[in-house]
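Have a look at the structure below before the remarks.
Numbered from 1 within each chain, the chains take letters A, B, ... in sequence-line order.
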There are 2 protein chains.
Amino acid sequence: MEGNNLAKIQDVAKLAGVSTATVSRVLNNPESVKNETSRRVMSAIKSLDYTPNRVAKSLSSKAQDITVGVIFPDIATFYFAELYKGMSREARENNINILLHELEEGANAREETLMNALHFLKKSNVSGILLSSRYIPKEYDQAIKRLGIPLVMVLSSHEAGSIPAFKIDDKRAAFDSVAYLVSRGHQRIGIISAITNNHNSGELRHQGFLQGIQYYNLPLSPEQIVYGKMRYDDGYKAMTELLSNHHKTKITAVFAATDEMAIGAIRCVIDSGLKVPEDISIIGYDNLSISDMTIPKLTTISQPFYEIGKESMKHMIEIIKEPDKGQKSGNHFLAYQLVERESVKELT
Amino acid sequence: MEGNNLAKIQDVAKLAGVSTATVSRVLNNPESVKNETSRRVMSAIKSLDYTPNRVAKSLSSKAQDITVGVIFPDIATFYFAELYKGMSREARENNINILLHELEEGANAREETLMNALHFLKKSNVSGILLSSRYIPKEYDQAIKRLGIPLVMVLSSHEAGSIPAFKIDDKRAAFDSVAYLVSRGHQRIGIISAITNNHNSGELRHQGFLQGIQYYNLPLSPEQIVYGKMRYDDGYKAMTELLSNHHKTKITAVFAATDEMAIGAIRCVIDSGLKVPEDISIIGYDNLSISDMTIPKLTTISQPFYEIGKESMKHMIEIIKEPDKGQKSGNHFLAYQLVERESVKELT
DNA sequence: TTGTATGCGTTATCAC
DNA sequence: GTGATAACGCATACAA
């Protein structure tokens, strides 16, 4: 009928036999409109398939549509979806847009890439940047200050702690993992640690593990400590090492710093003819959606990715909307849980 | 001094002693302004620290920097990442933005939600929309025409075929799966079919399977056919059914229409005390990254998600940049592969 | 080459 | 309760 243009508020008004003002009211302030009129307008809206134009809306109501940039190293990371959903939900509720920027993969000069991303977003006029899974050494402080855009760290933190960060208390969670293993009768525990140079969570988990070992006065030889880079294959390889020393260490359980590595480790154990958890118990870290699909299902530390995403975005919005209030820097720890499934056996 | 209000074009105009139109011109069409005037305006702009209001700009002039909308039902779907990476890569190379819009979850009125998303994107001034994983019944034709924005389907197709679609040839791939199973000595094959009302790939795979059965003249009783909704749990449940009729059907292999269902099915088989592939072979569909992490690793049809994303975006960009050329409608099939791993046993 | 006036789709301020 | 109508900030057809 009417070309290819969407219905506007005028069309609705005309069809409903009211003024545009009234239509606007039923949409934004329903109580101030008589019930009967409201019904007429609603039906017109439905029949015209009308939805308000966001652009015009923000122009009129002064409220600029703000957009915040989200920097993420790798969309293919399993927890990305949940994290993003949390951010997205919060953003949508506040009528703000997200500009997603994935760090270019396979970059050698990590630093440059991050800086590029920052600049790119700056030029895209974002009002704030959510920076995920990257550790920020203090060399960046200067550059970040110059950016003049508020930053919030997600799942990682700033070396000097002057940038607000949302995550769980990795050190404590790792400690709790050890405590759990101990409560299930395990004494000789190995660790597949995640050490990377651009992400400090791995290190914190490592420290937490060590504290647990110390607190419970458990034996620990170098052969029980092994490293990987967070992914499935790394876990597999790391477990191979652990297994090669098994005759010496006699470990009965393994703490893996990421679920992916835990799953790789499970596979490795199976391939070597042993069983999980009968021969070796394994506890993971993340509670990815896939850890419920493995065989055996993974016992693991559950990170509230959705909440973390939501809260970080929420805080960012506060910063943007009330710049005076000043951002509360430092780490904001969200609650985690230990999810008990099938990969840890109780020793009797 | 200036409170917290940004300078507007009028302020610049006044300070430079020109009209707003002129200011607008030096910004958008510099050649049409006398050099000297231009300089005056520029200096005014600089001294006022003026930057155009993007919102007002878009409201006024429909056109702006190109951005294409991407509608996706659920970010948490395992293949989303690869698909998006393909799109993103192509987009970035062409300097165009992506506006990602996840369909609100748990919606009952699916149609309305999709329409909303379309409108939302339209009002966000996108130049084109990539619509993923949704089947478009022809009832939508009217509304889509009225939208006046080019659409490209990704991983699914349009009922009438008048909208270009990028995907693999599901029917043929399913047929090939059967052929593969047959070549490995299987004769009695069950299917866990994916039937949903908003996605026609499941149906196509079902048809392809049936064709295979017919072509190779294999036995097929109703007890060999079972349905699920694509996810892990559905696969588990479906396999339970299949197993309950196992004494009758004696199936030695199962074709699962999605990897997630295949993985759920594997778990189900294990839980029932049988083994994969020793007792029952299972072949999946998708080649998700996790199908390489399961035990046993999944033999499956590999969809080139990255390429599909890239090609669909590429085509969209062509449409946008050369509207005259006209979009080539119909299905564009990309190459798939059968990836042989561990979940199918050769019968001797 | 530059200025005037109007439209873009909503919201908000008045009146009635 | 509801209806005109003036902003909102910019682009642009039309004049000059």
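DNA chain C lies under 4.0 Å from at least one heavy atom of each of the following residues of residues 37-47 of chain B: B/Thr37.
Every residue was checked against the salt bridge (charged side-chain N to carboxylate O under 4.0 Å, His left out) condition with A/Arg25, not counting sequence neighbours, and none meets it. Partners of A/Phe305 by ring-ring contact (aromatic ring centres under 6.0 Å, His included), not counting sequence neighbours, listed by chain and number: A/Tyr79. Residues passing the ring-ring contact (aromatic ring centres under 6.0 Å, His included) test with A/Phe166, sequence neighbours excluded: A/His315, A/His332.
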Can B/Asn200 and B/Ser157 be said to form a side-chain hydrogen bond (donor to acceptor under 3.5 Å, both in side chains), step by step?
-> CA-CA 7 Å; B/Asn200 65 340; B/Ser157 56; 2.8 Å; yes
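OP1 and OP2 of D/dC10 both lie 4.0 Å or more from every side-chain N or O belonging to B/Thr20. A sub-4.0 Å separation between OP1 or OP2 of D/dG9 and a side-chain N or O of B/Lys8 is present. Of the side-chain N and O atoms in B/Asn28, one or more sit less than 4.0 angstrom from OP1 or OP2 of D/dA11.
Each end of the helix from C/dT1-D/dA16 to C/dC16-D/dG1 gets its own axis from five base pairs, and the two axes differ in direction by 40°, given to 10 degrees.
The 5' end of DNA chain D is approached more closely, in terms of each residue's nearest nucleotide, by A/Thr22 than by the other of A/Thr22 and B/Ala21.
Checked by atom type and distance alone, the side chain of A/Asn29 never pairs as donor or acceptor with a backbone atom of A/Ser32 at under 3.5 Å. In this structure, B/Lys122 contributes its side chain and B/Leu147 its backbone to a donor-acceptor pair below 3.5 Å. Side-chain N or O atoms of B/Ser312 include one that pairs as donor or acceptor with a backbone N or O of B/Gly309 at under 3.5 Å.
The side chain of A/Lys34 lies closest to D/dG1 when the candidates are D/dG1, C/dT10, D/dA11.
B/Ser60 contributes a side-chain N or O that forms a donor-acceptor pair with the base of D/dC10 under 3.5 Å.
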Listed pairs, N/O of protein and of nucleotides 14-16 of chain C, under 3.5 Å:
none

